[in-house]
**Q** 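Below you'll find the structure I mean.
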Amino acid sequence: MSSTILFRRGRVIDPRNGVDGVRDVLVRDGRVAEVSEAPLQVQDAQVVEASGKLVLPGFIDLHVHLREPGEEGKETILTGCMAAVAGGFTGVVAMPNTKPVNDSVLVSEYVKAKAREARLCHVYLAGAITKGLQGEEMAEMGALVSAGCVCITDDGRPVMNAGLMRRALQYAQLFDLPVMVHEEDLTLSGKGVMNEGRTSTRLGLTGIPPSAEVAMVARDMVLLEETKGRLHVAHVSCEGSVRLIREAKRRGLRVTAEATPHHFTLDDEAVGAYDTHARMNPPLRTRRDIEAVREGLADGTIDAIATDHAPHGVLEKQVEFDKAWNGVVGLETALGLTLATVREGALSLQRAVALLTDGPAKAFGLPGGHLAPGAPADITVVEPDVEWTVDSARFFSRSRNTPFHGRRLPGRVAQTWVDGRLVFEDGHIKESR
Ligand SMILES: [Zn+2]
């Protein structure tokens with residue numbers, strides 16, 4: 001197979017480099033060699049006819065639960081990477097809440113080895129803030145960084161101990177590492193299982209008030225200002241959080257944030273008749289929160305769209321609502337839900353692409369996310385107008401827990417390229433990778 005590839009006449013959107021227009025993209029030896037307005041003539045290049053399609057930097061997901069080691073029945077690193085490239089993602093950040101927790105070099109090395117074996121997309125590591133995610137004692141941050149971790153987080157759980165959080169923000173600065181936070185005050189969320197409001201009252205379910213998230217965001221902004229550290233707020237769900245992050249950015253604090261497609265698409269009425277696929281943490285909020293999150297995405301308050309891809313088996317979901325596990329799979333529906341939001345007029349296409357590429361790359365300082373010469377040839381080719389119906393039975397992910405089964409979505413991933421290798425095309429993982 002040729003190591004020279006020419007993507008011909010696609011609409012290239014590369015927000016970092018201010019490109020939006022028909023271009024030829026030349027790839028050599030796994031890297032972008034040239035992006036040209038004029039058609040290129042290249043000998044011996046493999047040609048990808050991209051006319052009418054979008055040629056985009058490969059998407060980067062800052063928040064993915066690959067479940068391996070420990071819960072391979074829900075997902076493995078291989079199936080998670082398959083789902084990623086099928087969704088157009090060329091890089092994912094693997095959360096540390098595996099069994100055992102990634103709070104050590106040993107687990108980091110294991111995940112890296114499995115990712116190399118899968119050889120599909122880049123798998124970046126998130127290490128734990130605290131040992132065993134217990135919130136008591138800091139993990140060996142230096143060792144995690146040397147093992148390749150690009151951020152630290154106790155995601156799935158908050159760091160309730162403010163003193164410990166403050167130390168983590170201080171210590172992480174030695175490595176210029178973002179501290180990613182799952183913002184939830186457990187004394188406020190309590191035994192809640194969904195957003196606190198009209199719907200929870202109607203269903204007779206215990207609610208989680210917005211303050212459970214917003215109060216923790218407020219606390220962490222105070223700690224951030226004092227320490228001058230680097231904070232990344234995971235899965236923003238509330239209007240109040242968006243407001244606090246916007247204000248912190250305005251004052252120059254080093255904060256970044258992400259939002260998930262489910263949080264900017266569904267409100268708490270999706271719980272409907274106790275649909276456990278609508279159970280997640282943070283919970284689906286209100287229409288007003290959706291609007292605020294969308295405004296945050298549009299105006300730069302929120303830097304990235306991240307899926308919080310959280311596979312669960314049937315057993316964890318086919319139970320009463322208050323006993324069900326939290327989470328949805330997201331890698332294979334993220335692009336469609338994002339483009340649906342573009343169609344609704346809440347986001348420009350350029351901004352949507354930035355939120356999937358440049359935004360996440362910059363937030364964690366990752367390679368890729370753009371298509372300048374020299375960049376890794378991580379490229380996603382999208383047919384923007386093709387509509388498809390979500391069929392969870394056809395997911396590459398091992399799990400099926402999605403509230404979007406049966407939904408019509410715009411935007412089909414035609415090809416995914418990683419380091420100049422075609423890893424996904426027209427519904428199939430490429431075996432010749
Ligand atoms: Zn979380």
Side-chain angles (χ1 to χ4, degrees), residues 61-67 70-71 74-75 80 92-99 101-103 124-130 132-135 139 149-161 165 168 178-186 188-190 192-195 208-217 219-220 231-238 240-242 245 255-264 266 277-285 289 293 302-312 316 324-331 334 360 363-364 399 401-403:
D61 191 341
L62 297 178
H63 194 149
V64 171
H65 298 274
L66 293 175
R67 302 296 189 216
E71 293 182 291
K74 297 179 176 183
E75 196 79 284
V92 299
V93 179
M95 292 297 111
N97 64 337
T98 45
K99 295 174 181 168
V101 166
N102 186 6
D103 58 5
Y124 302 105
L125 304 176
I129 299 173
T130 65
L133 306 181
Q134 292 303 301
C149 289
V150 298
C151 84
I152 50 167
T153 180
D154 274 6
D155 180 58
R157 314 171 63 121
V159 179
M160 284 294 287
N161 182 327
M165 183 64 199
V179 181
M180 173 176 178
V181 278
H182 167 119
E183 300 290 39
E184 177 184 0
D185 185 321
L186 297 171
L188 289 165
S189 56
V193 295
M194 68 173 293
N195 182 50
I208 301 172
S211 57
E213 175 177 306
V214 182
M216 282 295 260
V217 174
R219 180 201 78 174
D220 285 344
L231 186 80
H232 177 78
V233 183
H235 42 52
V236 171
S237 76
C238 295
S241 310
V242 177
I245 295 163
V255 58
T256 54
E258 67 183 40
T260 72
H262 49 270
H263 284 119
F264 63 74
L266 297 177
H277 285 148
R279 178 151 181 203
M280 56 268 297
N281 189 15
L284 298 172
R285 300 290 185 180
D289 294 298
V293 170
I302 298 170
D303 303 83
I305 290 171
T307 65
D308 192 5
H309 179 80
H312 285 300
E316 283 91 5
W325 291 44
N326 288 310
V328 296
V329 287
L331 287 164
F364 282 11
S399 290
N401 50 309
T402 175

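Each ligand, and each atom within it, is numbered from 1 in the order the structure gives. What you see is a predicted model, and the numbers here were worked out from it, not measured in a lab.
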**Q** State, without any angle test, whether His232 and Glu258 hold a side-chain donor-acceptor pair at a distance under 3.5 Å.
**A** yes

**Q** Is there a donor in the side chain of Ser237 and an acceptor in the side chain of Glu213, or the other way round, less than 3.5 Å apart?
**A** yes

**Q** Against Asp308, only a single residue in Met280, His263, His235 fulfils side chain to side chain contact (heavy atoms under 4.5 Å, CB included); can you say which?
**A** His235

**Q** Can a side-chain donor-acceptor contact be found between His309 and Asp61 if the only test is distance below 3.5 angstrom?
**A** no

**Q** Which protein N, O or S atoms lie under 2.8 Å from the Zn ion (ligand 1)?
**A** Asp155 OD1, His182 ND1, His235 NE2

**Q** Please say which of Arg157, Arg67, His182 ends up in a side chain to side chain contact (heavy atoms under 4.5 Å, CB included) with Asn97.
**A** Arg67

**Q** Stepwise, does the side-chain contact (heavy atoms from CB on, under 4.5 Å) test hold for Val255 with Val233?
**A** CA-CA 8 Å; Val255 58; Val233 183; 4.1 Å; yes

